[in-house]
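In this chain, residues are counted from 1 in sequence order.
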Amino acid sequence: SPTNPTMSGFAVVRDSLQNRGSAFTNEERKKLRVTGLVPPRVFTLEEQLARTRAQFDALQAPIDKYKYLMDLQDVNETLFYRFVMDNVTEMMPFIYTPTVGEGCQKYGTVIQRPRGLYISIEHKGSVADVIGNWYSDKVDVIVMTDGERILGLGDLGTYGMGIPVGKLNLYVACAGVNPARVLPLTLDVGTNTKSLIEDPFYTGLKQPRVRGAEYDAFLEEVMVALTTKFPGVLVQFEDFGNTTAFHLLERYRGRVCTFNDDIQGTASVSLAGLISATRVKGTKIKDELFLFMGAGEAGTGIADLIVAELVASTGMSVEAARGRCWLIDSKGLVVRSRMHDFEASGQHHKIPYAHEHEEASGLLSVIEAVRPTAIIGVSAQPGVFSEEVVTAMCRHNERPIIFPLSNPTSLSEC
């Protein structure tokens, strides 16, 4: 039955949460005053699903399937979620990674009807008023991005809205979150991607990104307004830039119900996978030596959780646990002699893993020097886990652990 009993007539069939389309019964059509606004024949939900399946299967390109599903959601969320939930394994690659990456890159031409809420840096001083335009006072989960680091694709600005929308679709379909109580949110503080500034269809501010004190003050106004409007809401930080992500997490984790998916969510799933891998190998997590190809949010987030697990499960000291984790960034192995560079550039998240070792560059040479038992790819460098790399890992380990985690699939390490 409709979730808003006060709504009737044309408003019902134009509201995706209320609309059932041809599945409205004759009694519902009279009660809601939608008789004549939908085709005469009453279809069952199962018949609607059969038609949806035929329409979906007729499409070939993943981006076309993505667009079809987003259009369906805009019209009839009951049918959309039922179709996704009945085929969740098949649908996940289309409503989220890897297809959502292409969807974000083409957001200006793919999406017809805006979803979620946009708050611009130009709304400073009136953020609460903008949030007040949202249709409901009841929101349980917010997924928020500023679009600076979308998947492995970089700064997509407001085109990154596809990520909060897609992530919340997963929470509804897989975790049972109420679709009427979620809020996809994109903050527009500009973009440093030249092609977007030159894109005639770009949906955000065509200016360089705002940073520093002005950015911090804007985020503070946003967070205060959100938690005032929606007390107790969960705010998930998603696809912020590296430095910004760590800063915001530390700033708000003690004040707001919040987490960063790229730092903490990826880490949780990765640690679970690593523990499972050690069970297959017949080893323990403490026996492994981890090398991360990539030293951003995901890499250091996974390393931090590995350290926490080692300390909790084995009594190992924090320093000893950190010594089991090595990182490679764009300039080579993260080592103590580079400490000044990390401090000067604000890359403080790398400092705990800057070990005493001579500088080294190139994954193969680092493998020979460090002799890891596990390599974890979070670099968005496609093919970097080459046959030579895998061979080197097998030369030093009977059963190496190799996790190519970067997405979308086109940017996976192997």
With a cut-off of 3.5 Å and sequence neighbours excluded, list every side-chain donor-acceptor pair involving residues 330-337.
from	atom 1	to	atom 2	distance (Å)
Arg336	NH2	Ala354	O	3.3
Ser337	OG	Glu359	OE2	3.1

My understanding is that only residues two or more places apart in sequence, or in another chain, count here; which of them pass side-chain contact (heavy atoms from CB on, under 4.5 Å) with [X]?
| X | answer |
| --- | --- |
| Thr109 | Lys106, Phe201 |
| Asn192 | Asp155, Pro208, Arg209, Arg211 |
| Val256 | Met223, Thr227, Val235, Tyr252, Thr258 |

| request: Decide whether Thr158 and Thr203 meet the rule of one side-chain donor and one side-chain acceptor closer than 3.5 Å. | output: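 Yes - a donor-acceptor pair under 3.5 Å links their side chains.
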| message | Hydrogens and angles aside, do Glu319 and Ser317 bring a side-chain donor and acceptor to less than 3.5 Å of each other? | response |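 Note: Glu319 and Ser317 side chains miss the donor-acceptor criterion.
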| field | Partner residues of Tyr159 under the ring-ring contact (aromatic ring centres under 6.0 Å, His included) criterion, sequence neighbours left out | value |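 Once residues adjacent in sequence are excluded, the partners of Tyr159 under the ring-ring contact (aromatic ring centres under 6.0 Å, His included) criterion are Tyr202.
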A quick test of your reading: do over 12 heavy atoms of other residues, nucleotides or ligands sit less than 6.0 Å from [atom1] of [X]?
| X | atom1 | value |
| --- | --- | --- |
| Lys284 | NZ | no |
| Lys286 | NZ | no |
| Met339 | CE | yes |
| Glu398 | CD | no |
| Met92 | CE | no |

| task | Using ring pair (Phe, Tyr, Trp, His ring centres under 6.0 Å) as the criterion, point out the one residue from Phe94, Tyr66, Phe80 that pairs with Phe56. | result |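 Exactly one candidate clears the test, Phe94.
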| said: Just verifying a value: how many Å separate Met393 CE and Leu291 CG, rounded to the nearest 0.5 Å? | reply: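 It is 7.5 Å, given to the nearest 0.5 Å.
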| said: What's the separation between atom CZ in Phe237 and atom CD1 in Ile142, rounded to the nearest 0.5 Å? | reply: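 Spacing of CZ (Phe237) from CD1 (Ile142) equals 10.0 Å.
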| Once the angle between the rings of Phe290 and Phe292 is folded into 0 to 90°, is it parallel (under 30°), tilted (30 to 60°) or perpendicular (over 60°)? |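 Answer is tilted, since the angle falls between 30° and 60°.
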Salt bridge check, [Y] against [X]: does any charged N sit closer than 4.0 Å to a carboxylate O?
| X | Y | answer |
| --- | --- | --- |
| Glu238 | Lys167 | yes |
| Arg324 | Glu309 | no |
| Glu102 | Lys67 | no |

| message | Using the rule side-chain contact (heavy atoms from CB on, under 4.5 Å), only one of Leu17, Val12, Val13 pairs with Asp15; which is it? | response |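 With Asp15 as partner, Leu17, Val12, Val13 yield a single side-chain contact (heavy atoms from CB on, under 4.5 Å), made by Leu17.
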Within the 4.5 Å heavy-atom criterion, are [X] and [Y] side-chain neighbours or not?
| X | Y | value |
| --- | --- | --- |
| His348 | His247 | no |
| Asn87 | Arg53 | yes |
| Lys65 | Thr99 | no |

| field | Glu368: partners by salt bridge (Lys or Arg N to Asp or Glu O under 4.0 Å), with sequence neighbours left out | value |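 Partners of Glu368 under the salt bridge (Lys or Arg N to Asp or Glu O under 4.0 Å) test: Arg395.
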| Heavy-atom closest contact (Val127 atom, Val222 atom, distance) |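 Scanning both residues completely, I find the closest heavy atoms to be CG1-CA, 3.9 Å.
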